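Notes follow the structure.
Nothing here was measured: the structure is a model prediction, and the numbers come from that model. Counting convention: from 1, in listed order, for ligands and their atoms alike. In this chain, numbering begins with 1 at the start of the sequence shown.
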Amino acid sequence: MGKLALHWRILLGMAAGVIFAAILIQFSWGKGFIVDWIKPFGTIFINVLKLIAIPLILASLIKGISDLNNITQLSKIGFRTLGFYVMTTVLAVSLGLVIVNVVKPGNAVTEDTRAQLMASYEKQAGDRITAAEKQKQAGPLKPLEDLVPENIVAAASSNGNMLQVIVFAIFFGIGLILIPKESAAPVKGFFSGLNDVVLKMIDLIMLAAPFGVFALLAAIVAEAPGTDLFIALLWYAVSVVLGLALLYCLYLTLVWVFAKRSPSFFLKGIIPAQLLAFSTSSSAATLPVTMERVTEHLGVDEEVASFVLPIGATVNMDGTSLYQAVAAVFIAQTFGMELSLGVQLGIILTATLASIGSAAVPGAGMVMLVIVLAQAGIPEVGLALIFAIDRPLDMCRTTINVTGDATVSMIVANSIGKLGEPKPVEWDERLDEVI
Ligand code: ASP
């Protein structure tokens, strides 16, 4: 196992987790055993990843921005990043709409299955609708208002407020650029050191990654709902996965055309982050690893990665936006509703905004889907229809969300001449260093 590349170790961990759980759930005590004795290790693994998200954002963003030396450079990166993020999200929603209109997965759901699904998942759907209700009642400028924290410690105290921490870090970094070099030097030195410490912590966490994903996948398999309703939703799931797969191809093409890097180079560099995104269903928890892979293995300059990736993890969710478009039209189809072109164009706008507003945590895309449904006049209780299969689809869309962020970071870096050759530290050297 000593020489195995990281992604193989993670894949082995995932496969072992699935097989282990599949065998154990055959016994009456199996599920309980996994929930009590295996799942907690998965939770610990996710917690450790989340634990370093805020220190990482603060250290890398402040260091990255202060390294830029001038505000013009910052605004150049900023505009390009946001431009690419919005463009890829709109493309993703449009792709989702085309697929769901061609495949028409809603037509495959019988009257009986619909009633069964509604009865089984009404309660959980209700909880999501209540959560979304709160967001809907807010005024139109509330998201903007929420960007600015009144207290940085309070903002950093909850991982749900990552955008506020990003705003603080950018503001702080700008201040650091503008003060005289002598006063800035010790502060920059501090954040640069902090950044190195956090990166080393990520190395340590990655040692545990194969075991972490083992526990996560074992718990997912043990707690999965029955498969019969699952199969009824097959065409819906196929539509989402097909859309995500096409989006994936689009990213590879974008990287090839705009960053001049081959698909295999990109895949080899980013795959461990994708596997973690798949296992954790959280872009936020994956962020530390995405950051490391993109800088060390894809050659993106740290200044660019530290700006583009934390923002991307919180606002750029192409996979989520595509899923929201497919899910909304699927629900309308099962209710026998015809959606006009105008309504579908409206979905492009609301799904783009809803994906930006979704938190980078498991299941968040489904909460925000309620807003897309409400805007399009589709019954919100329809959420119950797609509940059974949401977790596996969440795993897939999170993988795409993370891949989209990495793609944009390469394109932005290349556009300003900051995409270099990767300097990967061989995994074995890393192990030797750590142990
Ligand atoms: N789990 C997704 C993410 O963290 C968000 C979603 O639910 O779509 O990127």
>> Assess whether a salt bridge exists between E223 and K39, defined as any Lys/Arg side-chain N lying under 4.0 Å from an Asp/Glu carboxylate O.
In response: yes

>> As an exercise, identify every atom of ligand 1 less than 4.0 angstrom from a heavy atom of S282.
In response: 4 (O)

> Quick one: do D196 and K200 make a salt bridge, cutoff under 4.0 Å?
Replying inline: no

> Under 3.5 Å, is there a donor-acceptor pair linking the side chains of Q324 and S355?
Replying inline: no

> For ligand 1, which atoms have a heavy atom of G363 less than 4.0 angstrom away?
Replying inline: 7 (O)

> So do the side chains of I34 and K31 get within less than 4.5 Å of each other, counting heavy atoms only?
Replying inline: no

> Of the listed options (V402, D394, T399, L322), which comes nearest to atom 1 (N) of ligand 1 when hydrogens are ignored and any heavy atom counts?
Replying inline: D394

>> Show me which atoms of ligand 1 lie under 4.0 Å from any heavy atom of T320.
In response: 5 (C), 6 (C), 8 (O)

> Does some side-chain heavy atom of V213 sit less than 4.5 Å from a side-chain heavy atom of L276?
Replying inline: yes

> By number and element, which atoms of ligand 1 are closer than 4.0 Å to a non-hydrogen atom of S281?
Replying inline: 1 (N), 4 (O)

>> As an exercise, identify every atom of ligand 1 less than 4.0 angstrom from a heavy atom of A364.
In response: 7 (O)

> Taking non-hydrogen atoms only, is V361 closer than 4.0 angstrom to ligand 1 via side chain, backbone, both or neither?
Replying inline: backbone

> Is there side-chain contact between V329 and I347, with heavy atoms separated by less than 4.5 Å?
Replying inline: yes

> By number and element, which atoms of ligand 1 are closer than 4.0 Å to a non-hydrogen atom of S283?
Replying inline: 3 (C), 4 (O), 9 (O)

> Looking at G365, which atoms of ligand 1 are within less than 4.0 Å of one of its heavy atoms?
Replying inline: 6 (C), 7 (O), 8 (O)

> Heavy-atom distance under 4.5 Å between the side chains of Y323 and D390, does that happen here?
Replying inline: yes

> Applying a 4.0 Å heavy-atom criterion (strictly less than), which segment of R397 is in contact with ligand 1: side chain, backbone, both, or neither?
Replying inline: side chain

> At a 4.0 Å cut-off, with the gap strictly under it, does some heavy atom of S358 reach an atom of ligand 1?
Replying inline: no

>> Need the ligand 1 atom indices (1-based, order shown) with element for anything under 4.0 Å from a heavy-atom of A360.
In response: 4 (O)

